[in-house]
Every structure is written in structure tokens, then in C-alpha cells.
> 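Pasting in a structure now, in C-alpha cells, and then I'll have a few things to ask.
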Amino acid sequence: MAQQVLAIDLGTSGMKAALVAADGTVTGWAERPVPLHVLPGGGAEQDAGTWWDALGAVTAELRRNHPEHMGAVTTVCSSTQGEGTIAVDAAGNPLTRCITWLDMRGAPHLRKQFGGRPSVGGLSARRVARWLRLTGGVPSSTGKDPAAHMLLVRDEMPDVYSQTAAFLNVLDWINLKLTGRVVATVDSILTSWVTDNRRPTNIRYSPALVADCGIDRDKLPPIVACTEVIGTLSRSASEHLGLPESVQVVAGAIDNTAAAIGAGTTGDNEPHLYLGTSSWIAAHVPRKKTDVVAQIASVPCAIPDRYLMTALQATAGANLTWLRDKVVEWDDPLLGAGYISRDEGSIFDAFDKILPTVPPGANGVLYTPWLYGERAPVDDPHLRAGFFNISLDTSRSDLLRAVFEGVALNTRWLMRAVDRFLGAPVTSMVITGGGARSDSWCQIFADALGIEIRRDAQPVAVNARGAGWIGAVGAGMLSFDDIRGLMRDDHVFEPSPAASAVYDGMFDVYQSLHKRLAPVYKRLNR
């Protein structure tokens with residue numbers, strides 16, 4: 001039996017785990033949902049204890065179903081959602097629920113800490129220039145970064161702040177539970193905006209940025225590489241996972257970093273499109289670079305001498321979750337007919353039966369997918385979703401297709417900035433993540449973007465496979481250069497000239513809608 005990596009994949013919607021061999025073979029798969037608590041005033045939190053309980057449940061399922069492979073586990077490595085913040089005390093106990101990447105309550109505290117004149121987006125222009133020079137980016141004005149989360153705790157929860165021994169990202173907290181060691185990785189620490197990232201092999205804290213961030217230096221964890229072996233399983237983690245204490249733990253990476261490895265796109269300027277709750281286009285690049293206007297930057301990643309360009313779209317699959325929970329109700333005839341269940345996999349099967357019945361362009365209906373603001377190519381927390389051009393002839397099937405097309409058109413908007421960033425138009429791209437299970441959506445992306453779309457043969461496993469490969473590299477089982485030859489596609493979607501022509505016209509309208517509606521949404525959602 002080949003050595004196995006227990007790959008942990010903690011997303012916003014759930015905890016997953018898989019067993020991954022060095023050749024990328026994924027054996028076993030288990031998952032449990034985890035709730036998201038949406039609070040008044042822009043709050044969005046998750047309970048870290050629920051994550052740990054879910055991890056115990058998924059590893060127990062793997063142990064029951066794949067005992068031989070679990071017995072071959074030598075390494076544990078994690079991929080998690082990014083930009084979450086947990087305050088822990090000296091014993092490692094959480095003092096708060098995780099303030100997630102969707103939480104915007106820290107925005108006013110960010111402006112208070114980093115304001116000044118002249119300003120850029122409410123932040124001091126002098127500070128912005130320094131952040132761009134040292135880190136490659138700046139804190140999001142939406143308050144969705146740990147930089148703002150930590151200030152929220154400092155200013156609104158002073159008792160918690162005084163007890164805080166460390167502020168940890170989601171990945172860091174999982175690693176703490178696995179090993180008892182407090183560390184941050186080069187990518188998990190990024191959006192605290194306190195590191196000097198100018199040398200990819202030597203990511204370190206910037207004394208000037210730390211002194212200015214408003215958080216005590218001793219509350220920031222030591223930084224390690226994604227491939228570093230940070231220890232072995234603690235006794236409690238060993239018992240919880242049902243694995244020996246001798247199993248080593250590799251630091252791992254946040255989701256977009258891990259997906260770039262799991263998609264097999266480890267060469268320079270090779271992009272992939274990830275479709276999950278949020279979505280992104282990412283590619284490894286040799287240099288640190290920032291497009292300030294489009295909010296795209298290349299940042300530290302799992303490959304030690306490279307950066308990862310990431311262009312983030314705030315909501316993609318979240319629009320489908322909204323469809324499932326708000327448009328397709330519990331007593332819906334589609335449910336009764338057996339077309340749709342509450343399972344994510346079967347909902348894609350149902351949508352794939354409906355979408356081809358509607359022509360490209362959704363019979364004139366347009367949808368903007370900004371359910372929770374947007375990150376790139378504009379950073380605007382006020383934007384909201386909407387249907388346009390509905391008539392008495394509009395059917396629910398038209399609305400369904402318009403949602404899928406709206407996400408694709410938003411990605412096309414983003415793609416223009418990606419092409420500029422990479423220096424050449426992208427002509428072919430890997431698509432991966434849960435949303436890639438929909439044949440119809442993959443074809444819509446090919447048509448809307450006008451490029452070849454290559455689907456990952458196991459798109460749901462991309463983060464787990466990426467964590468598995470990062471763990472395998474850290475454990476010495478293979479190198480990053482080996483990974484490109486191990487990746488497999490299951491289908492190539494070619495653009496249809498006729499459909500692409502329809503989307504060309506729709507895209508012009510889409511851009512016009514943003515330009516005209518952005519001021520309206522700002523008034524409505526201050």
C-alpha cells in the first residue's frame with residue numbers, strides 16, 4: 001500500500017477529508033456540513049468547535065470505509081477557507097467564534113486605524129503605498145480581512161483582546177489542534193497585511209507594518225512555509241482522528257493556494273478557474289505584481305520560489321445555494337418529482353436537465369451575481385444581485401439559466417484584467433471546484449469567455465488533492481515539478497461561435513448595468 005496523506009479540506013459550507021496518494025489518487029471521501037451564522041451589521045461567523053467535531057466525524061467515516069488506506073497514512077495536511085480570524089488564549093482555546101471572510105463589521109475600525117489624508121478608499125495614501133511595496137496588496141475596504149477582524153476584537157471586545165495570546169487564521173487553528181503548535185503559513189498570514197513579501201523564499205514580518213497595524217506583536221504567530229513539517233499529531237488529535245501520534249503534520253495552505261496545486265497548474269502563467277461558494281482565477285507567476293485598479297495581486301504561495309496571482313469573485317456557487325434555498329422551496333414540485341434534493345450533487349443534475357431547455361441569453365433575462373458585494377475587478381461591498389428584463393413571458397427556467405450566465409459574465413469581466421496581468425490572452429483554462437460538476441455551466445463558461453475549458457476529472461476533490469500534494473512534497477514523496485504530469489481532465493468544452501456572439505452582446509449590457517447601478521446600490525446599502 002502506497003503512503004497516504006490525510007487531506008483535510010475545510011470550506012465555508014463544510015468539512016471534507018480524503019485519502020490522497022503521491023500520484024494524486026484520491027481514495028475515500030467524507031464530508032459534513034458546518035453552519036454559517038449571519039449576524040446583523042454585516043457579521044458572518046462559524047464555530048471552530050463545530051469544525052473539529054466534523055473533522056472527527058469524517059475521519060471516522062474514512063476509517064470505517066477504507067481501513068487499509070487509513071492504516072497507510074503517514075502525513076496530515078490541510079486546506080482551509082482563508083481570511084478567517086480566531087482569537088485564542090494561552091492554552092489555545094478559542095475566545096470567539098471564527099470571524100469569517102464574509103464578515104464586514106471591521107470596516108469602520110480599519111478606516112479609523114489606517115485613515116489619513118490624502119486617502120485612497122478611506123485609507124492613508126502613504127500607508128497604501130507602503131503596503132503595495134512590501135506586501136503586494138492592501139486591506140480590503142470591506143473589512144473582510146483579518147487586519148480588520150483583529151481591530152474589531154480590539155475595539156469592540158476589549159476583554160477578549162486582553163486574553164488573546166494569538167490571532168489565528170482558519171488553517172492556523174486547525175494546525176494548532178493537530179499539533180499543539182501556534183504557527184501561520186506564508187499565505188494564511190497574508191491578509192493580516194503585516195509581512196514583507198518581496199522575496200518569496202523569505203516571507204517575514206515587516207517591523208514597520210507590525211508597528212502600524214494596531215495589534216500587539218506578540219499576538220501574531222511565527223511564519224512557516226506551506227510545505228514545512230510543523231510536528232506530529234498531539235495525543236488528543238491522535239485520539240480524535242484515530243491515527244498514531246507518529247503521523248507528521250505538514251503546514252498546508254488556504255484554499256486558493258491549495259487549489260492551484262490540486263488543479264495541476266504549477267507551471268508559470270497556467271490559470272485555473274475555481275467554482276465554489278466564491279470563485280477565483282489563479283495562476284503561478286515568477287514575480288510579485290499588483291493591479292491596483294482591478295484588485296489583482298500575486299502573493300506568497302505553496303511553491304517556495306513563486307507567487308500566485310489570484311483574482312477573487314465574491315459569490316459564485318453561493319448564487320446556486322440561494323436558488324436552492326430561496327427559489328426551490330421544500331414543497332416545490334421539482335422536489336416531489338425527484339429532480340432536486342437538498343444534496344448539492346443532485347441539484348447540479350437537476351439544473352443540467354433544465355438549462356439546455358433555455359437558449360443562450362436566457363430569453364433576454366440578465367442576472368448580476370453580487371449577493372454579498374464584490375472583490376474584483378471592483379472592490380465594492382455595496383453591490384447586490386438582481387434580475388433584469390423580466391417580462392410576463394419569463395419562466396423560472398429563464399431565471400435559472402440567467403443566474404448561471406450572470407456568474408460567467410462576471411468572470412468574463414474579471415478575465416479581461418487577468419489577461420492584462422498575465423501579459424497575454426488566456427486561450428485555455430482548467431475548471432475545477434464543486435460548480436464544475438455541471439456540464440451546462442462548464443459550457444456556459446466556454447461560450448461566455450470564448451475559450452477552451454478543460455474540466456478536472458475530480459473537481460470536488462481539488463482542494464483535498466492540493467493539500468495531499470502539498471503534504472506529499474513536504475514529506476519528500478514528490479516535487480512540485482512532478483505534479484503537472486499527474487493531472488487528468490475528463491472533458492474539454494469548446495466555445496460555440498453562435499452562443500459566444502450572444503454573450504458578447506450581453507456583456508456590453510452587463511458592464512453598463514454595473515456602471516449605472518453602482519451609485520444606486522451605494523445609496524441603498526450604506
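Owing to the predicted nature of the structure, the values given are computational and were not obtained by experimental measurement. Just so it is clear, the values below take in all heavy atoms, side chains as well, and ignore hydrogens, waters and symmetry mates.
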> Can you list the steps and then say if Gln248 with Thr75 is a side-chain hydrogen bond (donor to acceptor under 3.5 Å, both in side chains)?
CA-CA 5 Å; Gln248 60 190 348; Thr75 306; 3.3 Å; yes
> Any side-chain heavy-atom pair from Asp187 and Cys226 closer than 4.5 angstrom?
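A side-chain contact exists here, since the closest heavy-atom pair is under 4.5 Å.
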> Under 6.0 Å from the six-membered ring centre of Trp101 and within 45° of its axis: does the NZ or CZ of Lys144 meet both?
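So Lys144 doesn't make the cation-pi contact.
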> I'd like a table of donor-acceptor pairs (distance under 3.5 Å, sequence neighbours excluded) in which one partner is a side-chain atom from residues 259-266, with atom names and distances.
residue: Thr265; atom: OG1; partner: Ala260; partner atom: O; Å: 3.1
residue: Thr265; atom: OG1; partner: His272; partner atom: ND1; Å: 3.4

> Tell me the closest heavy-atom pair linking Pro300 and Tyr307, and the distance in Å.
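For Pro300 and Tyr307, the tightest heavy-atom pair comes out as N-CD2, 3.8 Å.
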> Work out which heavy atom in Pro146 is nearest to a heavy atom in Gly84; give both atom names and the distance.
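Looking at all heavy atoms of both residues, the closest pair is CG-O, 4.1 Å.
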> Looking only at the side chains, is there a donor atom on one of Trp469 and Asp482 sitting less than 3.5 Å from an acceptor on the other?
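There is no such pair between these side chains.
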> Can you give each donor-acceptor pair under 3.5 Å made by side-chain atoms of residues 89-96, sequence neighbours left out, with the distance rounded to 0.1 Å?
residue: Asp89; atom: OD1; partner: Ala91; partner atom: N; Å: 2.9
residue: Asp89; atom: OD1; partner: Gly92; partner atom: N; Å: 3.1
residue: Asp89; atom: OD1; partner: Asn93; partner atom: N; Å: 2.9

> Can you tell me how far the CZ atom of Arg130 sits from the OG atom of Ser124, to the nearest 0.5 Å?
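Rounded to the nearest 0.5 Å, the CZ-OG separation comes out at 8.5 Å.
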> State whether a side-chain donor-acceptor pair under 3.5 Å links Asp103 with Thr100.
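The answer is no; no qualifying pair exists.
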> Consider only side-chain N and O atoms of Asp172 and Ser188, and report whether a donor and an acceptor are under 3.5 Å apart.
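Short answer, yes.
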> Which atom pair, heavy atoms only, marks the closest approach of Ala22 to Leu486?
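So the two residues come closest at O-CD1, 3.6 Å.
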> Using 30° and 60° as the class boundaries, would you call the ring planes of His69 and His66 parallel, tilted or perpendicular?
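If you compare the ring of His69 with that of His66, the planes turn out perpendicular.
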> For residues Val5 and Ala472, report the shortest heavy-atom separation together with the two atoms involved.
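Looking at all heavy atoms of both residues, the shortest contact is CG2-N, 4.1 Å.
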> Would the number of heavy atoms belonging to other residues, nucleotides or ligands and lying under 6.0 Å from CZ of Arg416 be above 12?
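Open.
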> Examine Phe114 together with Trp193 and report whether their ring centres are nearer than 6.0 Å.
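That pair fails the under 6.0 Å test.
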> Taking the six-membered ring of Tyr205, is the NZ or CZ of Arg217 close enough (under 6.0 Å from the centre) and on axis enough (within 45°)?
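Arg217 over Tyr205 ring: yes.
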> Grab the two heavy atoms, one from Ala297 and one from Gly136, that are nearest each other, plus how far apart they are.
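Looks like CB-O, 3.3 Å.
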> Is the backbone of Leu422 close enough, under 3.5 Å, to the side chain of Asn269 for a donor and an acceptor to pair up by distance?
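No, the answer is negative, given that no donor and acceptor are paired below the 3.5 Å cut-off.
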> Taking atom types as modelled, find out whether Thr80 and Ser78 have a side-chain donor-acceptor pair closer than 3.5 angstrom.
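Looking only at side-chain atoms, Ser78 and Thr80 do not form any donor-acceptor pair under 3.5 Å.
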> Less than 4.5 Å apart, any side-chain heavy atom of Leu19 and any of Met70?
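Of all side-chain heavy-atom pairs linking Met70 with Leu19, at least one is under 4.5 Å.
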> Hey, are the side chains of Thr195 and Leu134 touching, using non-hydrogen atoms and a 4.5 Å cut-off?
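With C-beta onward as the side chain, the pair stays apart.
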> Before accepting this row, confirm whether a basic side-chain N of the pair Arg488/Asp456 lies closer than 4.0 Å to the acidic partner's carboxylate O.
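No.
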> Give a yes or no on whether the backbone of Lys16 and the side-chain of Asp9 come within a donor-acceptor separation of less than 3.5 Å.
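Judged by distance alone, no pair lies under 3.5 Å.
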> For Glu156, is there an ion pair with Arg105 - N to carboxylate O distance below 4.0 angstrom?
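Salt bridge between Arg105 and Glu156, a charged N being under 4.0 Å from a carboxylate O: no.
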> If I take atom CZ from residue Arg235 and atom CD from residue Glu239, how far apart are they, to the nearest 0.5 angstrom?
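Arg235 CZ to Glu239 CD: 7.0 Å, rounded to 0.5 Å.
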> Distance only, no hydrogens: is a donor on one side chain within 3.5 Å (strictly under) of an acceptor on the other, for Ser79 and Asp255?
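On atom types as modelled, these side chains do not qualify, holding no pair under 3.5 Å.
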> Could you give the distance from OG (Ser279) to CG (Asn256), rounded to the nearest 0.5 Å?
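Answer for the OG-CG pair, Ser279 versus Asn256, is 11.5 Å.
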> Measure up the Trp173 and Trp51 rings against each other and bin them: parallel (under 30°), tilted (30 to 60°), perpendicular (over 60°).
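Rings of Trp173 and Trp51: perpendicular, over 60°.
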> In Å and rounded to the nearest 0.5 Å, what is the OG to CD distance from Ser238 to Glu245?
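CD of Glu245 is found 5.0 Å from OG of Ser238.
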> So, taking the atom named CG in Leu10 and the one named CD in Gln81, what distance separates them when rounded to the nearest 0.5 Å?
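Nearest 0.5 Å value for the CG-CD distance: 5.5 Å.
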> Heavy atoms only: give me the nearest Met15-Val58 pair and the separation to one decimal.
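For Met15 versus Val58, the nearest heavy atoms are O-CG1, 3.8 Å.
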> For the backbone of Ala253 and the side chain of Thr257, can you confirm whether one donor and one acceptor N or O come within less than 3.5 Å of each other?
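No: the side chain of Thr257 does not pair with the backbone of Ala253.
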> With a cut-off of under 6.0 Å to the ring centre and 45° to the axis, is Lys289 in cation-pi contact with Phe421?
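Yes, a cation-pi geometry holds between Lys289 and Phe421.
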> Run Asp489 and Arg455 through salt bridge (Lys or Arg N to Asp or Glu O under 4.0 Å) and show every step you take.
CA-CA 5 Å; Asp489 302 328; Arg455 181 167 60 190; over 6 Å; no
> Please round to the nearest 0.5 Å and tell me the distance separating atom CD1 of Ile254 and atom OG1 of Thr185.
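These two atoms lie 7.0 Å from each other.
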> Identify which one of Leu178, Leu62, Val73 satisfies the side-chain contact (heavy atoms from CB on, under 4.5 Å) criterion when paired with Leu241.
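Passing option: Leu178.
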> Check the side chains of His284 and Asp268 for a donor-acceptor pair under 3.5 angstrom, ignoring hydrogens and angles.
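Looking only at side-chain atoms, His284 and Asp268 do not form any donor-acceptor pair under 3.5 Å.
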> Any side-chain heavy-atom pair from Arg437 and Val460 closer than 4.5 angstrom?
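A side-chain contact exists here, since the closest heavy-atom pair is under 4.5 Å.
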> With heavy-atom distances below 4.5 Å as the criterion, would you say the side chains of Ile8 and Leu55 are in contact?
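Side-chain contact under 4.5 Å: yes.
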